Structure formats: C-alpha cells, structure tokens
Amino acid sequence: MVILSDSIIEIHFPKLNHFWMDAGLFGLYRIAQKEQAKEYGVEITLDDNGVSFKGSEKNVQLFLQKIYDRLLKDYYNTSSQNQIEKNEGFYYDTTKDQFIRFPKVKPMGIAGLVKISGQSYKNQGVVKFEKSIESQKKSQNPILEEKYSFLQDRFEKFLADTKLKPGTALLLNGKNIVTPSIHIEKLSGKSKGRCFICGKESHSLSDIGGTVFPFITGSSGVLSFNNLGGSAEKVCWKCDYIAKFVPVAGFYNVNRDTTTHIYFPYSTSLEKMNDVFRSLDLTKIEDPYLMKNFDNTRLGGYFQKSYEQFFTFLYSLYRVVMTKRTSSSASDEDYELDYEALYNLNLNKAPLDFFVVYTESLGDAQMGKMIWQFHESIYIFRILDHLEKNKIDLKNVMTLLVDHEQPKNESKTILRNRVCENILKKQSVVALVEQHAFRINKSSKTHNIKPLNDFVILYEKAIRQGETGMDQKIIDVAVSVGKTIGMSIAPSGKKGKGDLFRLRKTRKPEDFLNEINRIQMKYGTKVNADLYKEGQKMEENFTEFKQFCMIAALNMYNAGNPSPVETDGKPKAEASS
Ligand SMILES: [Zn+2]
C-alpha cells in the first residue's frame, strides 16, 4: 500500500509540441473542467507551458482518478445504436439472483484507435467455465465452474431464451468495462530513468504500448515507437496518462469500419486551443452509430478519400463557425463570412492548424497511412466565402465531380479527391476538371457542366491573384473564345460536337489556331480578336489556355443541346440531337 502525504504538491503536465500528446493534454484539461475540482481541493491552471494540478497529493490523485473515470465513461465505454438494440451483454447479479442484460461497448472514434488489449477490460468478477473437453462435448453450452453449478439449468435456459452467446466466462455483478491501466498510485518519488516521449526523469516508467500511441507501425516507420524489434521504450506515468485523453480533442469519421479520418485542431499556443475550443466544438454532432462526430453531408454524399473528407470537414467548420447570417431576419441560407470569428480562430495569439491523420485497420492494429499538417485555414475559409458569394453551389460542384462510370465504388471519387487536394494546396484544378468534363460528355452523352465551368473560372482567378503564370485577363480571353465557339457549333448538334472534340485533340498552338480558323469558316464564328492580340501569352500558357477554352465551349454547346431529362445531374436518357 502506498501512503500519500498531505503536503501540497503541484503536478505539471508540460506541453510537448507533439500534436498527439498535446491533443491528450488539452483533452485532459477539458475533461477536468467538467468535474468539480474545488470539491477536491484541487486547483487547475492552463497556460502555454502546460496544465497543472495543485493540492494535497491524496486529493490530486483522487481527482486524476475521477477525471479518468469520466473519460472512460464518455469516450471508451460507449455503445452504438446497434449495440443498444442488440443488448447482447449480460451478467449474473448475485444479490438479485437474476441475469441482467446490457449493451456491449465499443470505444468510439479516436478512442477506437487506442489499442485495447483483453487486459484492458475490467469487471467485478466472473464465473469460469469448466475447461475439460468432455464437459464441452456433452453439451453445446459451457459448464459453469462447480461453485455455481446450482445456476447451470437457469444459465442454459437464459441462453436458449435470449439466443445470446455465452462468451468466455459468465460475468458477475456488473458489466465489462474498458479500462486501460494507468499508473497514478504514486505521483512523485525517486527517478528510475528517462521517459522516451517527454525526455524527463520519472519515478514511474512502463513499457510504451498502443494505448499511448496507437500507430504501432507505419509503412515509413516514422510512426513507430518500436525500434526494429528491440526492447520497448519506457514511458513515464504522465505521458501514459495524458495520451488516453487524445479522443476528447479530435474530430473523426469512420469509413466502412476500416479507415478512420481524424482531424486535430492544433496551435503552438495551448491557451489559443482553449480559446477556440468552444466554437470548434459547435461543429460536433452526436451520431448514434458512432461513425463520426461532425456533419460530413453538407456537400453531398460519397465522400470517402482522405482529401475530399478533409474538405467536407473544413466546409462544415466554415458553415458552423465561420459564417453568420447576413441579418437577424435572414434565413439560414443567407450567410456571410464572419470576420470576427475568422480573426479569433485564425489570427489571435497564434494561428490554428489542423493535423490530419488517416488510418487503415490491419486486423487489430491500426496503420497510420498519412499524417500531415494543414496550415491554410484562413485561405480555405476565404476561398469558400469567395466562391459562395459569387453563387457557386459547392454541393453541386462536388456532386458533379463524382465519376459514376467507374465500376468500383472506391474509384468513383479518385478525381474529386485530387481536385480537393489541389484546392487545399492552392493549386490549379483546371486540367482535372477539363478532363472530367469531357469524359462525362463523351460521344452521345450530355451532362450539364455549368456549375463546374463557373467554379473553375472563379477558383482559378482567385488563386492566381498576384501570382505569375497565366493571369486573369488571359483566362477571360480563353473563356470568351470558348464561349463563342460553343455557341456557334451548338445548333449543329453531333456534327458540332465532333468539331469540338477535334479542337480539343490539338497539341500545338498552331494546330489549335488552324482548327479555330476552320471552325470560323465552317460555322461563321467570330472569335474574340484578343486571341490574336494576346497570341504570345496564349502560346506561353497553351495547355491551360486550351483547357479553359474547352470547358467554356463544352458548357455552351451543352446549353444548346440539353439532355432530355436530368435528375441529380445524371441524364435519364442520352441526348438524341
Ligand atoms: Zn513522459
């Protein structure tokens, strides 16, 4: 037994400037705020250096245990709607002399990544099953250990009535609770060595394991704490403890039970993280199935890959936190960028970044496939605002970027994922969009691409402000030439479309100009004279120039040759003209 002193101590958990550990540190603080520290005589402080708990050693210990219990209840011992409906767990209550059913639990979201071993489950005691093979043969049901043989008949009847599976032992007097072990029996003492994570000396060290950092191995090895099969590194009780709180701070979305996308708000300033937590938390929703904790449906469906998922997350954040109604009487659909929110979230004290983690499950291990830091929150909120102010329906754009012709579901959004990646990185998307627009309008297919056309022009102009390369004026010339061509060939239907595809096939500026001349002769088109005045710039930026031109031309052609019936952007029948 450990004797704790009554003298006042201060336990300091330092900020380590590692996104995972800092998420845990911040999670610890948030959960601590939900409990009554004063009643425990414990004082909590947070500043940019970390979080401190001050009080008698005994009280601090009791309080740390209290907030840990709260964490386990809220984040680790959660039941999905499915588990609640099935109600598959049960135990035998010795006082009431009856079997009690309960929903099984599954750590949700990010807590689900923390590697829980069988030893992490704690219970009030069990009735063991007889091991002898003979007894197993006689009956389908397991035989209860001798002490409880009086219960055997009722146990079998209970299983038969409920059709529940017996498991590996009969629980007694309570549920099985997920309880990864922590080491807070003693909060200070003589040093036994250094912690692998924080580098500080500690009296209490244990083997580092999956409950500290779940990504046991990554393809690159970067995420691994195990040094090539050598002995496991040691971690101090503090790092071991705060790592369990990581799930509190993050956003997540699970795809088909195998991949998990996680976003951690991150700032070099812990105070800043605390300041913005409340507003970021507004983005959280409760999903009864425990598959996500933010609304990822605002831009439509089918979001599955890493960048497109993150884009929907940022959009959700933008709509919930970064916009406000244009006036008090305005509807939900009349909103604008809230510059005060933008300032508070992004600029005040220190910028707010996001750590994006994408993992795939490999049996019972989670492989971290990708971890990266997103620095461009301000840019993304501004560009979203700019696009929406100019009447771009982003949900429509995102829906149009799904490639329904791909046979496999996971391939349907490869292109959209690349477009989202480029947007997040402030890079051009015109090449991707042009390719897609022509693919979905091949031969006799007609797909309205107006939202894509409008989006690409506005987006490309916005990201080129003050940049070198093709400038806004040349984009305007390309679009104008495209429009004129599209309009003049539209009345000729299929024949015109053939000429459009022929123009698209040209690989050199001379051929492109020749083809345009041919179209002018054939259809009496009069293209913008700037095409020739700006010939030099057109040649320098030929590939992109042609892409803008082709999207605009296809858009105008389609306007004159609409698909007979359209629902959800998908033609019910092919255009027949
Ligand atoms: Zn440590």
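We count ligands from 1, going down the list as the structure has it; atoms in each ligand are counted the same way. Because the structure is predicted, anything quoted here is derived from the model rather than measured. Excluded from the calculations below are hydrogen atoms, water molecules and symmetry mates; all remaining heavy atoms, backbone and side chain alike, are included.
Contacts classified as side-chain hydrogen bond (donor to acceptor under 3.5 Å, both in side chains) and involving residues 411-424 (residues at least two apart or in different chains) are given here: Q304-T413, E308-T413, E308-R416, E421-K425. Pairs of residues two or more places apart, or lying in two chains, that qualify as salt bridge (charged side-chain N to carboxylate O under 4.0 Å, His left out) and include a residue from residues 29-54 are E35-R70.
Not one N or O on the side chain of S267 forms a donor-acceptor pair closer than 3.5 Å with the backbone of L352.
Contact check for F251 versus I262: no side-chain heavy atoms found under the 4.5 Å cut-off.
A cation-pi arrangement is absent between K175 and Y91 under the rule of less than 6.0 angstrom and at most 45 degrees off the ring axis.
Counting only protein N, O or S atoms closer than 2.8 Å to the Zn ion (ligand 1) gives 4.
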Contacts under 3.5 angstrom, residues 275-288 side chains, donor-acceptor by atom type, not counting sequence neighbours:
{"residue": "D275", "atom": "OD2", "partner": "K349", "partner atom": "NZ", "Å": "2.7"}
{"residue": "S279", "atom": "OG", "partner": "V276", "partner atom": "O", "Å": "3.0"}
{"residue": "D281", "atom": "OD1", "partner": "K284", "partner atom": "NZ", "Å": "3.2"}
{"residue": "T283", "atom": "OG1", "partner": "L280", "partner atom": "O", "Å": "3.0"}
{"residue": "K284", "atom": "NZ", "partner": "V248", "partner atom": "O", "Å": "3.1"}
{"residue": "D287", "atom": "OD1", "partner": "Y289", "partner atom": "N", "Å": "3.3"}
{"residue": "D287", "atom": "OD2", "partner": "L290", "partner atom": "N", "Å": "3.3"}
{"residue": "D287", "atom": "OD2", "partner": "M291", "partner atom": "N", "Å": "2.7"}
{"residue": "D287", "atom": "OD2", "partner": "K292", "partner atom": "N", "Å": "3.4"}

